Novice: 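Below are the structure tokens for one structure; questions will follow.
In what follows, every heavy atom counts, from backbone to side chain, and hydrogens, waters and symmetry copies are set aside. Every chain is numbered from 1 and lettered A, B, ... according to where its sequence line falls, protein lines coming before strand lines. Note that this is a predicted model, so its numbers are computed, not measured.
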There are 2 protein chains.
Amino acid sequence: MRYAEVSKAERIRIYDVARVAGVSVATASKALNDTGRMTEATRMRVKQTAAALGFRPNAMARALTRQRSFTVGLLTNDTYGRFTLPVMAGINEALVDQGVSVFLCGIEDDATLARTHVDAMLDKQVDGIIATGKRIDRRLPVDLSNLPVPVVYAFTQGPEDAVTLVSDDDQGARAAISHLLALGRRRLVHVTGPESFASAQNRAKAFRDLAGEGAPILHGDWSEAWGHAAVARLWAEAGVFDAVFCGNDQIARGVVDALRERGLVVPRDVAVIGFDNWEIVSAATRPPLTTIDMNLKELGREAGRLILELAEGKTVEPGVRTLPCRLVMRQSCGGATGAVRAEGEALQEV
Amino acid sequence: MRYAEVSKAERIRIYDVARVAGVSVATASKALNDTGRMTEATRMRVKQTAAALGFRPNAMARALTRQRSFTVGLLTNDTYGRFTLPVMAGINEALVDQGVSVFLCGIEDDATLARTHVDAMLDKQVDGIIATGKRIDRRLPVDLSNLPVPVVYAFTQGPEDAVTLVSDDDQGARAAISHLLALGRRRLVHVTGPESFASAQNRAKAFRDLAGEGAPILHGDWSEAWGHAAVARLWAEAGVFDAVFCGNDQIARGVVDALRERGLVVPRDVAVIGFDNWEIVSAATRPPLTTIDMNLKELGREAGRLILELAEGKTVEPGVRTLPCRLVMRQSCGGATGAVRAEGEALQEV
DNA sequence: TTGAAAGCGCTAACAC
DNA sequence: GTGTTAGCGCTTTCAA
């Protein structure tokens with residue numbers, strides 16, 4: 001194994017840089033960190049020899065004195081899920097160019113495992129912890145208050161006085177419904193997930209406000225199967241409708257398929273709009289779904305920014321921060337896009 | 001912010017433990033690490049006071065002396081994808097109870113970003129790096145040979161003399177095809193992804209071997225749309241067929257849907273089998289897909305184990321290690337399961 | 001402007 | 001058996 005031979009013996013330390021540059025370690029350190037005062041010439045010389053030697057400071061040694069490790073922990077109970085993935089990507093994006101690395105800790109729903117991970121992170125002197133989950137109205141199975149490091153909650157519920165980031169269900173839902181209304185649809189129905197989910201409640205409330213008291217709201221689970229079933233029920237019970245606002249993309253896909261099987265044309269006869277913009281579902285639906293994107297990556301970026309500020313000792317106003325969603329137009333509602341591309345939009349390889 | 005007050009001032013060091021236990025730091029260290037020799041009484045006393053004081057060793061300080069950080073880096077270019085997620089989960093699982101933490105580094109396909117991440121990991125003295133990707137026959141956009149730490153490649157291509165883990169496409173494909181044959185199907189066709197993918201090639205080769213020279217193989221992209229299109233083509237050109245082996249679950253779903261639209265009943269008229277076991281696709285298909293699971297989590301676990309061994313200085317035989325796939329029976333092929341549950345199997349909330 | 005020296009918290013030789 | 005001492009690689013007073 002090659003790696004064994006080029007081991008740490010070769011790795012050059014600040015001591016080497018100092019020696020070659022003809023200064024003391026102290027001066028070398030200051031030169032490289034742009035601290036202290038010295039002639040610009042000395043600073044330059046040190047920097048150049050450092051570069052020439054390929055010097056990279058040992059982050060652990062540095063962390064030991066600076067009391068700052070430039071690492072943060074990311075705790076999630078959604079190892080497989082679609083929500084934390086974009087969030088993680090955003091976090092990483094925000095932190096990588098600050099030289100901060102992220103410890104990934106998947107904890108499923110296991111409190112013991114969670115505790116283990118948190119302890120491990122603390123032992124490793126993380127500068128902060130970002131907690132994220134798959135549900136906005138549930139807490140992770142571990143208490144993160146009173147830790148010796150700051151915590152930011154993203155897409156999971158935190159304590160009252162914590163810094164928490166969530167996407168704006170209300171605004172997202174309003175965007176969806178307004179879109180349907182703007183397209184001239186007037187007989188709306190809402191097919192969504194279990195009432196026990198805050199997301200379902202918030203979106204349903206927005207629907208109630210905008211679509212009126214009489215507009216039907218059907219709660220079920222978050223699956224395609226429920227989308228099918230809901231259409232069957234609407235068929236049997238409800239009056240005519242020309243638009244369906246769905247609680248997520250899976251339900252929307254079920255609805256679209258069921259509608260087609262009944263001979264209705266989407267979007268001509270019925271416009272259907274989803275929620276989540278989960279590409280594997282929304283782009284594969286025929287026709288592709290117009291839907292609401294929660295901007296989860298941006299949410300992650302924001303979480304990264306905030307944990308950094310906290311780690312640097314800055315004050316961050318606690319409370320829940322709500323980030324806006326965004327309408328993604330494809331073809332299931334007609335409108336601008338729908339008119340142009342008929343069917344068979346190229347699916348991206350996912 | 002609470003955390004500011006309980007800061008490191010409170011964090012107790014081994015020095016405190018030693019003092020309270022009435023021994024020297026050296027003895028305390030040895031007692032806690034089960035090294036050195038001393039009366040069992042002393043060791044016990046130290047351990048107990050450590051526990052009583054809630055002592056947690058500072059991992060950075062320890063790493064500095066031991067030349068071992070108990071962290072590893074995970075490099076992936078598949079931040080959104082379905083492949084690395086289970087792999088990551090497995091890695092984490094294998095490492096967490098060894099006290100090893102994982103740095104997550106998403107690099108997309110950006111060579112510069114990759115380099116940045118690798119440097120950051122090296123600076124942080126990782127004990128090893130696991131490289132993983134979304135495609136078994138492509139390299140990450142960064143050269144990981146000649147690093148001062150060991151590297152294991154999982155689900156991505158590595159250099160000749162590296163330790164590489166991949167799933168067994170051939171065996172997986174054979175399992176799928178054998179299953180169809182065992183169910184009495186004799187007129188098989190294979191609908192799969194682009195020929196440029198090694199996975200597509202390997203699976204097609206297995207198909208050729210087992211299904212015979214005459215059995216049709218259709219290459220397209222990895223999408224549902226291609227599944228639809230392929231059925232249209234088979235309808236027009238090919239002779240009768242009673243089973244379709246699909247290159248992935250998305251294609252399979254497209255095939256199943258297209259078949260149903262043409263009035264054929266799956267699995268009665270045609271058995272369809274997928275590949276990947278991506279639940280959101282395979283479980284939502286009607287009927288749910290029988291498919292091949294690549295055991296990616298186990299692959300991750302194995303990668304974790306191997307990187308640990310390497311980090312500990314043990315020798316690991318280089319070369320490609322192939323891990324077996326597993327048949328997951330649902331209803332799209334009939335057989336045991338299909339006979340019992342007809343349709344509308346409850347979809348799990350994903 | 002520069003450098004000597006004292007740590008950061010822990011481990012590991014080597015004495016006693 | 002237990003303690004003294006010397007680091008790990010870096011930063012940071014403080015003195016020169």
Side-chain angles (χ1 to χ4, degrees), chain A residues 7-47 49-50 53-71 99 122-127 148, chain B residues 7-47 49-50 53-71 99 122-127 148:
Chain A
S7 65
K8 63 238 164 201
E10 328 271 303
R11 184 130 189 170
I12 61 143
R13 298 140 309 171
I14 198 171
Y15 172 82
D16 303 308
V17 177
R19 188 167 39 73
V20 174
V23 295
S24 72
V25 248
T27 308
S29 173
K30 282 179 245 168
L32 295 172
N33 291 302
D34 284 320
T35 58
R37 60 170 103 269
M38 67 192 66
T39 52
E40 201 48 33
T42 319
R43 200 182 290 281
M44 267 338 221
R45 184 156 38 90
V46 174
K47 283 190 174 179
T49 53
L53 295 176
F55 169 70
R56 308 240 20 161
N58 180 324
M60 313 216 92
R62 176 187 295 214
L64 202 54
T65 43
R66 295 235 288 219
Q67 305 288 13
R68 183 120 154 56
S69 66
F70 288 88
T71 62
L122 259 21
D123 291 348
K124 280 166 181 142
Q125 314 293 117
V126 291
D127 297 332
Chain B
S7 64
K8 62 239 166 200
E10 329 271 303
R11 185 129 189 170
I12 61 141
R13 298 140 307 171
I14 197 171
Y15 171 81
D16 302 309
V17 176
R19 188 168 38 74
V20 173
V23 295
S24 72
V25 236
T27 308
S29 173
K30 282 178 246 167
L32 295 172
N33 292 301
D34 285 317
T35 57
R37 61 170 101 268
M38 67 192 66
T39 52
E40 200 49 32
T42 317
R43 200 182 290 281
M44 267 338 221
R45 184 155 40 88
V46 174
K47 283 190 172 176
T49 54
L53 294 175
F55 168 71
R56 309 244 15 162
N58 180 324
M60 314 217 92
R62 175 186 296 213
L64 203 54
T65 42
R66 294 235 288 219
Q67 305 288 13
R68 183 120 154 56
S69 66
F70 289 88
T71 62
L122 258 21
D123 291 348
K124 283 176 178 131
Q125 313 294 120
V126 292
D127 297 333

Novice: Can you tell me the distance, in whole Å, between the CE atom of B:Met38 and the P atom of D:dG3?
Specialist: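 So the two atoms are 9 Å apart, to the nearest Å.
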
Novice: For B:Met60 and D:dT11, what is the distance between atoms CE and P respectively, to the nearest whole Å?
Specialist: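 After rounding, the reported distance stands at 13 Å.
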
Novice: Once you round it to whole Å, what is the distance between P of C:dT1 and CE of A:Met44?
Specialist: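 So the CE-P distance, A:Met44 to C:dT1, works out to 17 Å.
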
Novice: For the helix from C:dT1-D:dA16 to C:dC16-D:dG1, how many degrees between its two end axes (five pairs per end), to the nearest 10°?
Specialist: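 Answer for the end axes of this duplex: 50°.
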
Novice: Between C1' on D:dC10 and CZ on A:Arg11, what's the gap in Å once rounded to a whole number?
Specialist: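 Checked: the CZ to C1' distance equals 13 Å.
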
Novice: Within a strict 4.5 Å, meaning less than it, do heavy atoms of the A:Asp123 and B:Asn58 side chains meet?
Specialist: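 No; the side chains remain at least 4.5 Å from each other.
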
Novice: If I take atom CG in residue A:Leu64 and atom P in nucleotide D:dT11, what distance separates them, rounded to the nearest angstrom?
Specialist: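 The answer, rounded to whole Å, is 11 Å.
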
Novice: Are B:Met60 and A:Lys124 packed together at the side-chain level, in the sense that at least one heavy-atom pair is separated by less than 4.5 angstrom?
Specialist: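 Counting from C-beta outward, B:Met60 and A:Lys124 never come under 4.5 Å.
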
Novice: Minimum heavy-atom separation for B:Arg62 to B:Pro57, with atom names?
Specialist: NH2-CG, 3.1 Å

Novice: What is the per-nucleotide protein-contact pattern of nucleotides 10-16 of chain C, from the 5' end, where B denotes a base atom under 4.0 Å from a protein heavy atom, S denotes such proximity for sugar-phosphate atoms only, and - denotes neither?
Specialist: BBBB---

Novice: Taking B:Ser29's backbone N and O only, do any of them form a donor-acceptor pair with B:Asn33's side chain (distance below 3.5 Å, no angle check)?
Specialist: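 Flag set: sc B:Asn33 to bb B:Ser29 pair under 3.5 Å.
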
Novice: Between C1' on D:dC10 and NZ on B:Lys124, what's the gap in Å once rounded to a whole number?
Specialist: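 Distance, rounded to whole Å: 15 Å.
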
Novice: Taking atom C1' of C:dG9 as reference, at what distance in whole Å does atom CD of A:Gln125 sit?
Specialist: 9 Å

Novice: If you measure from the Lys or Arg side-chain nitrogens to the Asp or Glu carboxylate oxygens, is any gap between B:Arg66 and B:Asp127 under 4.0 Å?
Specialist: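 Answer for the salt bridge query: no.
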
Novice: Return yes if some donor-acceptor pair links the side-chain N/O of A:Arg43 with the main-chain N/O of A:Lys30 below 3.5 Å, else return no.
Specialist: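 Answer holds: yes.
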
Novice: Is there a donor-acceptor contact under 3.5 Å from the side chain of A:Thr49 to the main chain of A:Arg45?
Specialist: yes

Novice: Under 4.0 Å between a side-chain N/O of B:Ser24 and OP1 or OP2 of D:dG1, yes or no?
Specialist: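 Answer is no, no contact under 4.0 Å.
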
Novice: Show your reasoning for whether side-chain contact (heavy atoms from CB on, under 4.5 Å) applies to B:Arg11 and A:Gln125.
Specialist: CA-CA 11 Å; B:Arg11 185 129 189 170; A:Gln125 314 293 117; 4.0 Å; yes

Novice: Specify the separation, in whole Å, of atom CD of A:Gln67 and atom P of D:dT13.
Specialist: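 Computing the A:Gln67:CD to D:dT13:P distance gives 13 Å.
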
Novice: Identify the heavy atoms of A:Ser69 and A:Thr71 that sit nearest to each other, and give their distance.
Specialist: OG-OG1, 2.8 Å

